[in-house]
Protein chains: 2
Amino acid sequence: MPTKTTAHRPPTRPRKRRVTIADVANELGVTKGLVSRALNDYPDISEATRERVRAAAEAMGYRALSHARAIRTGQVRALGLVIQLSDHDGQRPFLADLLSGISQAASAADWTVTIATSTSDADTLHQLGHLADAHKADGFILPRTYEHDARIDYLRAEGLPFVLYGRTADDTGCAWYDVDSGAAMAEAVALLAGLGHRVIGFVPGATGTMYDRLRREGFAAGMRAAHLDTAPVSDPACDRAQGAAAARALLGRDLPPTAILCATDAAAVGVYDAARAAGLSIGTDLSVIGYDGLPEGAVLDPPLSTFHVDAARAGARLTDLLIRSIAGEDPADLRDLDPATFRPGGSHGAPTLTPAELAARVAHSNHVSNPGRER
Amino acid sequence: MPTKTTAHRPPTRPRKRRVTIADVANELGVTKGLVSRALNDYPDISEATRERVRAAAEAMGYRALSHARAIRTGQVRALGLVIQLSDHDGQRPFLADLLSGISQAASAADWTVTIATSTSDADTLHQLGHLADAHKADGFILPRTYEHDARIDYLRAEGLPFVLYGRTADDTGCAWYDVDSGAAMAEAVALLAGLGHRVIGFVPGATGTMYDRLRREGFAAGMRAAHLDTAPVSDPACDRAQGAAAARALLGRDLPPTAILCATDAAAVGVYDAARAAGLSIGTDLSVIGYDGLPEGAVLDPPLSTFHVDAARAGARLTDLLIRSIAGEDPADLRDLDPATFRPGGSHGAPTLTPAELAARVAHSNHVSNPGRER
DNA sequence: TGAGCCTCCGAAACCGGTTTCGGCAAGTGT
DNA sequence: ACACTTGCCGAAACCGGTTTCGGAGGCTCA
């Protein structure tokens, strides 16, 4: 026994000994191996015996210890998740729902969830490597995919199962689940165009992420379908401040957009700031549509029109796909695409101004309000 | 070999065999036992040998498999967390930070985190039991404590280590970490009283939770200290709608409060709704202070004055306390209380109206605005 | 010089499962 | 009646670690 620093251990930790497979075997007068094979549906066990064993195990409250089993089988029945929490991270608010979906589905299949968090791409890779190396999970869920994703390269090289939440540039051999945000962007453009908007601005999201590419493409496709070509696109914006800056830039153009479509709600919140500063009323002077269904959007005035993503469902689907992938199904068959649902707020409507009139309004407001007022 | 439903397994999963303790032993020409004892700091190993083993293990990239170790030691080096996600749940937005703190601290100590989610108190207990029974964790973090908490009873009875995020009525033998929200409530009252408010309303949180009791007590203590006794307390409010209802009730009194203190930001958002509906301007006509530091508060107009809780720090502290508790330290020594920090927004200020004047304003607005207008 | 005591290590049991292997008994075909 | 399956189970190895036990060798001390 090591001396170590075994500090004050409480008087007696009672802990009743748990019932092992040997206990069940003894009770029945058979061997451990027999019990194990019976419980694991080996074909060389008679149905009568199998039932007898099942009954005894049930009655004695036997439950196999997953880590004891793992040493032989190599499966810990756990799925891993590394959550990257950058400051400008849109997925924070959905984390709870995502986890809920994952955990619920995992629990239903008698799996558990091991998580780690990280603060940067490099850290994410490190945490992933650690979980994989320590074999704390049999497979991984990879949220927020990049077009070129180092996590995918790593897991591919290691031959470890994984499923993407989102897509990636080269998805050969990848299982994935995604919400079709590109289609949502196109839908939003069609909606705005139908209301009469002719100049529609776009605020993209984080560069390098796959969702950004897909939403840009969706926006462009929507514009083409509406036969519009005047499409000012701002710099990327991932948070409120960047969203405000993007909106200022768009509104400062000679022919500013009468509607701004944001790849993320986080940016849309900033658009509200900029619009307010420019004396524009949202929903009339300027239409805004976001994407994500952020809680903040609902408390804005007017409430933000946006697309809602069912994160819990995503988590459940991802878990299902991953477990099947671990079980050996071909990842190429494990792909799923769900639509996002539009949730109208009060931030979009028919244009009340032409772009030229809007430009005049903005210029005027820049004149009267003392510069640098915005909080 | 079981026939089972072993579906399409990919061509060949390469998986290089990992280096085991036996490999290290062979390399050195010693026994497995020797290597194990050397690596685990047993005292019967000469320093020279220990160093030789360490170097070889390091060089060969040996890392012990936690679940192989667990079968003998009974420790899986994982801490468990069951997150209850009711719909009216204030902790959702802080979950990311809390997890981040927990995971970071755990990872630093070479522990991992196993989570489960639940949808009700009963489910929480069930999930907890499952994790404990399957021995997926060596100890548990219990967020959002109740005054009388079934989880605590269960874990006490099982003799399993745990740490509370929050306190409980009878905390004998409990390790806990908490943020002193009671003191925050008292501080808010002192602030409002200092500004000249004489009638201050209180909107409590979820009944049965320990935080609700502590914040009520903190509010009461603050009122006593400020020598104020007119303290209307509304029904509990845990979400926006309930917060609005609570505010309407408070404002409908003969002598309505000129400031409303909310146990949670979620309720405070509803207070904004009610105030707006009553034609009151927040920060002047009516002061509002919340607690939690909800992101929604920052996008309100004016931004909500509230108390910020450092959830990441909480997670890190909880993890530290739990690991020490598992190591055998006396839980009674493992307790920690941090202050919340006030984050002023624009929602509080000196009263511009007396309660009587406020009552008149409210009554007037009830008259002019057509009823049932509020969204 | 011999008894007694450390120091340090090998050998082997052990933890709770899984998996392989061999063999007995009953059934089958001729 | 005899070889050949087949069904079913016991025995034992195995997985990757940890822990106990005993003993060889060197040292001290009377």
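All figures in this text were calculated on a predicted structure; none of them were measured in a lab.
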Quiz item: Do A:Gln127 and A:Thr117 get their side chains close enough for a donor-acceptor pair, meaning under 3.5 Å?
Solution: no
Exercise. Return yes if some donor-acceptor pair links the side-chain N/O of A:Asp171 with the main-chain N/O of A:Arg167 below 3.5 Å, else return no.
Key: no
Quiz item: Does B:Arg324 use its side chain to pair, donor to acceptor, with the backbone of B:Glu329 at less than 3.5 Å?
Solution: no
Exercise. Verify the neighbour count for atom NE2 of A:His126: are there more than 12 heavy atoms of other residues, nucleotides or ligands below 6.0 Å?
Key: no
Can you measure [X] atom [atom1] to [N] atom [atom2] for me and round it to whole angstrom units?
{"X": "B:Leu39", "N": "D:dT19", "atom1": "CG", "atom2": "C1'", "answer": "15 Å"}
{"X": "A:Asp41", "N": "C:dT18", "atom1": "CG", "atom2": "P", "answer": "12 Å"}
{"X": "A:Ile21", "N": "C:dC14", "atom1": "CD1", "atom2": "C1'", "answer": "16 Å"}
{"X": "B:Asn26", "N": "D:dG16", "atom1": "CG", "atom2": "P", "answer": "13 Å"}
{"X": "B:His67", "N": "C:dC15", "atom1": "NE2", "atom2": "C1'", "answer": "14 Å"}
{"X": "A:Asn40", "N": "C:dG17", "atom1": "CG", "atom2": "C1'", "answer": "9 Å"}
{"X": "A:Leu65", "N": "D:dG17", "atom1": "CG", "atom2": "P", "answer": "17 Å"}
{"X": "A:Tyr42", "N": "C:dG17", "atom1": "OH", "atom2": "C1'", "answer": "11 Å"}

Can you tell if the side chain of [X] reaches within under 4.5 Å of the side chain of [Y], non-hydrogen atoms only?
{"X": "B:Arg17", "Y": "B:Asp23", "answer": "yes"}
{"X": "A:Thr124", "Y": "A:Arg144", "answer": "no"}
{"X": "A:Asp320", "Y": "A:Asp336", "answer": "no"}
{"X": "B:Leu142", "Y": "B:Ile152", "answer": "yes"}

Quiz prompt | Distance test, side-chain N/O of A:Tyr62 to OP1/OP2 of C:dG16, below 4.0 Å | solution = no
Exercise. Starting from the first five and the last five pairs of the helix from C:dT1-D:dA30 to C:dT30-D:dA1, work out the angle between the resulting helix axes, to 10 degrees.
Key: 50°
Practice problem: Produce a footprint string for nucleotides 8-13 of chain C: one letter per nucleotide, 5' end first; B if the base is under 4.0 Å from any protein heavy atom, S if only the sugar-phosphate is, - if neither. | Solution: BBBB--
Practice problem: Choose from C:dG16, C:dT18, D:dT18 the nucleotide whose nearest atom is closest to any side-chain atom of A:Ile71. | Solution: C:dG16
Side-chain atoms of residues 53-62 of chain B: list all donor-acceptor pairs with protein atoms under 3.5 Å, sequence neighbours left out, distances to 0.1 Å.
| unit_1 | atom_1 | unit_2 | atom_2 | d |
| --- | --- | --- | --- | --- |
| B:Arg54 | NH1 | B:Glu51 | OE1 | 3.1 |
| B:Arg54 | NH2 | B:Asp41 | OD1 | 3.1 |

Exercise. Have a look at B:Thr20 and say if it touches a base, only the backbone sugar-phosphate, or nothing, with a 4.0 Å heavy-atom cut-off.
Key: sugar-phosphate
